[in-house]
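Here is the structure we will look at.
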Amino acid sequence: MIKISNTLTRKKETFVPLINGHVSMYVCGPTVYDFFHIGNARTFITFDMVRKYLEFSGYKVTYVMNITDVDDKIIERANKEGISTKEVAEKYTEEFFRDVEALKIKKATFYPKATEHIEEMLELVQALEQKGIAYNSDGDVFFDISKDKNYGKLSGKKLENLQASERSEQGDKKNNFDFALWKSAKEGEPFWESPWGNGRPGWHLECSVMSSKYLGETFDIHGGGIDLTFPHHENEIAQSECSTGKPFVKYWMHAEFLNINDEKMSKSLGNFFTAREVLKKYPAEAIRMLFLQKHYKSPINYEVVFIEEAKNSVEKITNAYRRGLERAGVLKGGEFAYRNRIEDFKIGMDDDFNTAIGISIVFNSAKEINLLLEKDFLSEEDLDELNGELRFLEAADSILGILLPKSETGDKFNALMSVVLKLRSSLRDKKDWESSDLLRKELENIGIRINDTSQGTKWDLK
RNA sequence: GGCAACGUACCCAAGCGGUAAGGGAGAGCUCUGCAAAAGCUUCAUGCAUCAGUUCGAAUCUGAUCGUUGCCUCCA
């Protein structure tokens with residue numbers, strides 16, 4: 001039984017999908033005006049893990065992530081670079097997919113784009129207008145929040161306590177917190193025709209429209225970063241529920257931030273690293289380990305020492321796995337050990353996707369493997385246990401994505417290495433420690449690590 | 001000002017009323033020509049502070065201190 005912390009109810013609830021065996025899930029995706037930063041990556045990786053765990057648990061998951069390809073920032077960027085908004089959006093959509101793949105994030109079922117759903121958005125705005133909930137003000141259409149008595153139910157905010165914003169959207173609004181459904185086009189901005197004149201959709205509209213199009217008017221899980229709770233998700237609820245009269249989402253999930261120096265990482269503060277930059281220095285597995293080692297609802301502080309540590313952890317686990325595989329041969333059996341580990345793993349993961357516990361079980365398994373590998377002879381039972389542990393690591397990895405890929409070196413390279421190691425062996429036989437140590441050091445410098453073990457000399461790419 | 005979250009060892013971090021998981025660092029040992037890797041042992045009578053509830057509290061209640069987030073584009 002999976003439990004989920006639901007932002008809407010502020011409680012941990014047993015997860016029961018609307019349709020038995022099937023999960024409909026929507027997560028707010030990128031606005032494609034730039035590379036995404038490593039903080040955005042945390043949200044994407046969090047929900048990638050959630051999705052994979054649901055699938056592992058036997059659900060068929062329909063996963064939708066939107067691409068916001070029309071927005072102020074895209075316009076700003078296009079003007080700055082002297083190219084069209086379309087070109088900016090296309091470029092960074094492509095870059096988004098490259099980073100997603102590099103981070104070992106499984107592709108969503110659908111990646112709908114805002115600009116491809118303008119028709120449906122217009123329909124939603126018109127429906128709200130007809131109900132007297134939306135009003136036209138000089139080509140801008142606003143949502144009248146005074147008409148929605150449930151407004152604020154997600155974020156727990158009360159209208160009278162909201163602070164008037166200094167940067168609130170321009171236009172004649174009835175209430176300061178009414179938000180734009182449709183914005184009239186300004187000079188030089190992309191626009192679409194509408195009953196209220198040329199303009200473009202407000203930010204919140206696309207998520208209401210595209211989620212219902214691909215998942216239905218009510219769906220199971222809606223995810224995003226915690227900062228989207230208000231106003232974005234609040235407004236999505238307002239739009240959708242006022243137009244359909246049905247509950248919009250059953251479970252709202254929000255991932256906490258990645259901080260720098262205990263402060264929120266954000267584009268506007270300028271204290272961020274792009275995922276692309278970090279991926280140049282560290283493997284995706286280390287990034288995933290760093291994030292997944294902590295529960296998704298706790299803030300993480302990003303520091304170089306922490307990602308270094310995560311990288312070492314990932315190497316340690318991968319080493320145990322690889323060495324175990326070498327010793328075990330073809331994986332088979334091991335039912336008992338596998339079941340035991342999976343059971344512990346599930347206890348953690350079922351409890352609101354507690355990956356911190358999941359990973360501690362992975363460490364326990366790696367330790368057990370290393371312990372078995374200490375033995376010179378493996379009994380039938382030992383081998384069976386080893387198999388079970390390895391199978392568990394593979395299962396856990398299919399959700400967490402923390403095992404390093406095998407470095408592909410090619411037959412010639414492998415043959416060359418065996419010549420080099422043979423040479424070093426003969427030097428060691430002659431007790432020429434100076435030369436053999438020099439060789440080891442030189443190899444280390446070019447990223448090849450040598451270990452002299454009781455089972456012979458092993459090498460590995462760093 | 002309103003609304004939230006959080007404070008566990010040297011560091012990171014689980015824990016959600018039954019007596020402190022896991023990882024890293026440190027120390028000692030085993031293996032080893034050395035190094036590395038791996039293993040073993042060790043490392044919080046205590047969980048921000050102070051009261052209270054309870055047979056029993058890191059866990060519940062209240063107060064205090066501290067940190068952060070949201071209320072405005074944001075993952």
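Reminder, nothing fancy here: chain letters follow the sequence lines and each chain counts from 1.
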Check whether the side chain of A:Asn312 and the base of B:rG23 form a donor-acceptor pair under 3.5 Å.
no
For A:Tyr63, which residues count as a ring-ring contact (aromatic ring centres under 6.0 Å, His included) partner, sequence neighbours excluded?
none
By the 4.0 Å heavy-atom rule, please label A:Ile359 as base, sugar-phosphate, or nothing.
nothing
Can you tell me how the ring of A:His233 sits relative to the ring of A:His222, calling it parallel under 30°, perpendicular over 60° and tilted otherwise?
perpendicular
Are the ring centres of A:Phe179 and A:Phe142 closer than 6.0 Å?
no
Could I get a table of every N or O pair under 3.5 Å where one atom is in the protein and the other is in nucleotides 35-40 of chain B?
residue: B:rA35; atom: N6; partner: A:Asp452; partner atom: O; Å: 3.0
residue: B:rA35; atom: N1; partner: A:Asp452; partner atom: N; Å: 3.1
residue: B:rA35; atom: N3; partner: A:Arg440; partner atom: NH1; Å: 2.9
residue: B:rA36; atom: O2'; partner: A:Asn451; partner atom: OD1; Å: 3.2
residue: B:rA36; atom: N1; partner: A:Asp452; partner atom: O; Å: 3.3
residue: B:rA36; atom: N3; partner: A:Asn451; partner atom: OD1; Å: 3.3
residue: B:rA37; atom: O2'; partner: A:Arg323; partner atom: NH1; Å: 3.1
residue: B:rA37; atom: O2'; partner: A:Arg323; partner atom: NH2; Å: 3.3
residue: B:rA38; atom: O3'; partner: A:Asn370; partner atom: ND2; Å: 3.3
residue: B:rA38; atom: O2'; partner: A:Glu374; partner atom: OE2; Å: 2.8
residue: B:rC40; atom: OP2; partner: A:Lys367; partner atom: NZ; Å: 3.3

Kindly assign one of parallel, tilted or perpendicular to the pair A:Phe36 and A:Phe44, based on the angle between their ring planes and the thresholds 30° and 60°.
perpendicular
Just to be sure I understand the geometry, which residues of residues 91-109 of chain A put a non-hydrogen atom under 4.0 Å away from RNA chain B?
none
Look at all strands and tell whether A:Gly156 reaches a base, only sugar-phosphate, or nothing, counting heavy atoms closer than 4.0 Å.
sugar-phosphate
With the threshold set at 4.0 Å, does a side-chain nitrogen-carboxylate oxygen contact exist between A:Glu95 and A:Arg98?
yes
Parallel, tilted or perpendicular, judged at 30° and 60°: which one describes the rings of A:Tyr53 and A:Phe345?
perpendicular
Answer yes or no for this row: A:Trp433 ring on B:rG33 base, centroids under 5.5 Å, planes under 30°.
yes
On RNA chain B, nearest-nucleotide positions of A:Lys12 versus A:Thr43: which is more 5'?
A:Lys12
Donor-acceptor pair under 3.5 Å: do we get one between A:Lys157's side chain and the base of B:rC71?
no
Which residues pass the side chain to side chain donor-acceptor pair (under 3.5 Å) test with A:Ser208, sequence neighbours left out?
A:Gln239, A:Ser240
Protein N or O to nucleotides 5-13 of chain B N or O, pairs below 3.5 Å:
residue: B:rA13; atom: OP1; partner: A:Lys294; partner atom: NZ; Å: 2.1

Parallel, tilted or perpendicular, as decided by the 30° and 60° cut-offs, for the rings of A:His254 and A:Trp252:
parallel
Under the ring-ring contact (aromatic ring centres under 6.0 Å, His included) definition, can you give me all pairs with a residue in residues 304-324 of chain A, not counting sequence neighbours?
none
Under 4.0 Å between any heavy atoms, over every strand shown, what does A:Lys431 touch: base, sugar-phosphate, or nothing? Just pick one.
nothing
Residue matched to B:rA20 through Watson-Crick or wobble contacts both under 3.5 angstrom:
none
Can you tell me if A:Asn387 and A:Tyr338 form a side-chain donor-acceptor pair at under 3.5 Å?
no
How long is the line joining CG of A:Asp376 and P of B:rC31, in whole Å?
14 Å
Would you say A:Tyr251's side chain and A:Val16's backbone share a donor-acceptor pair under 3.5 angstrom?
yes
Please state how far atom NZ in A:Lys264 lies from atom P in B:rA75, giving the value in whole angstrom units.
8 Å
